[in-house]
Amino acid sequence: MPETIFTKILSGTIPAHKVHEDHHTFAFLDINPLSPGHTLLIPKVPVAKLHELSDEAAAALGRVLPRLCRAIVHATGIPDYNILQNNGSPAHQAVFHVHIHIIPKPNATQGLNIHWPASPLDPALAKSLVTKITTALRE
């Protein structure tokens, strides 16, 4: 995988405001935060998309994420937050190393602001997707 800003942070080439580190994960403040406390959690393994992580690396992120959220809530006093994780350019991923944003939401204007153009699920499509997904999970 090509070197990214996150691999440079992990190697110490670029400094970061580290808030957590263990054998599998690293967390640091975003240098362009959407709100105070905006933090990034990354795996130490350099893969671009979430589905490319091993079960062990994904579990390590999952173990740290709630603890990190509690610490951010405590430190900022902001009880509401978004968790954001993008995969691929069309999904707005800018750094091609898995990363999870924890973005405190102090008010209507600060933090993550999204538009969610939802539409009803087609029953025939739902049936087809359920079959395909459950089959893939068994493989």
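Residue indices begin at 1 and follow the sequence shown.
Atoms CG and CG, on L53 and L61 in that order, are 6.0 Å from each other to the nearest 0.5 Å. Residue T39 holds its OG1 atom at 11.5 Å from NE2 of H17, rounded to the nearest 0.5 Å. In this structure, CD1 on I9 lies 6.5 Å from CD1 on I42, to the nearest 0.5 angstrom. Rounding to the nearest 0.5 angstrom, the gap separating the CG atom in L112 from the CG atom in L34 is 6.5 Å. Atoms NE2 and OG1, on H20 and T25 in that order, are 3.0 Å from each other to the nearest 0.5 Å. Between atom CG of residue L137 and atom CD1 of residue I133 there is a gap of 7.5 Å, rounded to the nearest 0.5 Å.
Annotation for T76 and P36: closest pair CG2-O, 3.7 Å, computed over non-hydrogen atoms. Nearest heavy atoms, L41 versus A27: CD1-CB, 4.1 Å. Nearest heavy atom pair, residue S35 against residue G111, reads CB-N, 3.9 Å. Minimum heavy-atom separation, N113 to A108: OD1-O, 3.0 Å. Between I83 and C69, the shortest heavy-atom contact is CD1-SG, 3.7 Å. Between A126 and L121, the shortest heavy-atom distance links the atoms CB-CD2, 3.5 Å.
At least one side-chain heavy atom of R70 sits under 4.5 Å from a side-chain heavy atom of P66.
More than 12 heavy-atom neighbours from other residues, nucleotides or ligands sit within 6.0 angstrom of CG on N107. For I31, the CD1 atom is loosely surrounded, since the number of other residues' heavy atoms within 6.0 Å does not exceed 12. No more than 12 heavy atoms of other residues, nucleotides or ligands lie within 6.0 Å of NE2 in H74, so this atom counts as exposed by the packing criterion.
Residues in residues 16-42 take part in these salt bridge (Lys or Arg N to Asp or Glu O under 4.0 Å) pairs, two or more places apart or across chains: K18-E21, E21-K44.
Linking ILVMFWY side-chain heavy atoms closer than 4.5 Å, directly or via other members, places V47 and L65 in a single hydrophobic cluster. Under the 4.5 Å side-chain heavy-atom criterion for Ile, Leu, Val, Met, Phe, Trp and Tyr, L40 and L10 are members of the same hydrophobic cluster. In the hydrophobic cluster analysis, where Ile, Leu, Val, Met, Phe, Trp and Tyr join through side-chain heavy atoms closer than 4.5 angstrom, F6 is grouped apart from V45.
Between the side chain of K105 and the main chain of N82, no donor-acceptor pair closer than 3.5 Å is present. For T7 (side chain) and T4 (main-chain N/O), a donor-acceptor pair under 3.5 Å exists by modelled atom type. Remark: the backbone N or O of K132 is not paired with any side-chain donor or acceptor of T135 at under 3.5 angstrom.
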side-chain contact (heavy atoms from CB on, under 4.5 Å) assessment of I72 paired with Y81: CA-CA 9 Å; I72 293 167; Y81 55 92; over 6 Å; no

Stepwise side-chain contact (heavy atoms from CB on, under 4.5 Å) check, V19 with L29: CA-CA 7 Å; V19 298; L29 296 178; 4.3 Å; yes

Only pairs under 3.5 Å count here: list side-chain donor-acceptor contacts from residues 86-101, not counting sequence neighbours, and write none if there are none.
| from | atom 1 | to | atom 2 | distance (Å) |
| --- | --- | --- | --- | --- |
| N87 | OD1 | L50 | N | 2.8 |
| N87 | OD1 | Q85 | NE2 | 3.4 |
| N87 | ND2 | Q85 | OE1 | 2.6 |
| Q93 | OE1 | G88 | N | 2.5 |
| Q93 | NE2 | A48 | O | 2.8 |
| Q93 | NE2 | V95 | O | 3.0 |
| H97 | NE2 | P43 | O | 2.8 |
| H99 | ND1 | H97 | O | 2.7 |
| H101 | ND1 | H38 | NE2 | 2.8 |

